[in-house]
Amino acid sequence: MAFLKTILIILLVYYLFKILIKLFAPKILNYAGKKAEQHFREKFQGFNTQQPSQNSAEEGDVIIENTTTRKSNSSKKVGEYIDFEEID
């Protein structure tokens with residue numbers, strides 16, 4: 001009889017837990033989404049001020065920005081190529 005009572009209590013707790021999760025999961029996910037959005041807004045808020053302003057140049061002006069590029073040395077020998085064949 002105690003075994004049956006234990007099984008019934010476990011089933012009752014399980015179904016009660018399922019019902020509570022269905023009720024509160026949207027609210028919990030909404031809260032987590034808002035907190036994540038707030039975190040990202042705080043984190044990326046300074047990016048607009050760090051970019052150089054393009055408004056100082058008038059229409060028709062040509063702006064040349066020099067960027068340094070490094071050429072990779074592709075002539076390095078990294079190893080020997082081995083062609084494998086299937087054996088039947």
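- A continuous path of ILVMFWY side-chain contacts below 4.5 Å connects Leu20 to Ile28, so both sit in one hydrophobic cluster.
- Leu12 contributes atom CG, which lies 13.0 Å from atom CD1 of Ile7 (distance to the nearest 0.5 angstrom).
- You'll find the side chain of Phe17 stays beyond 4.5 Å of the side chain of Ile19, heavy atoms only.
- Within the structure, no pair that satisfies the side chain to side chain donor-acceptor pair (under 3.5 Å) test touches residues 4-25, not counting sequence neighbours.
- Hydrophobic cluster of Val62: the remaining members, joined at side-chain heavy-atom separations below 4.5 Å, are Ile64, listed by chain and number.
- Listed by first and then second residue, the salt bridge (Lys or Arg N to Asp or Glu O under 4.0 Å) pairs involving residues 31-42 are Glu37-Arg41 (not counting sequence neighbours).
- Rounded to the nearest 0.5 Å, atoms CG (Leu16) and CG (Leu11) are 12.5 Å apart.
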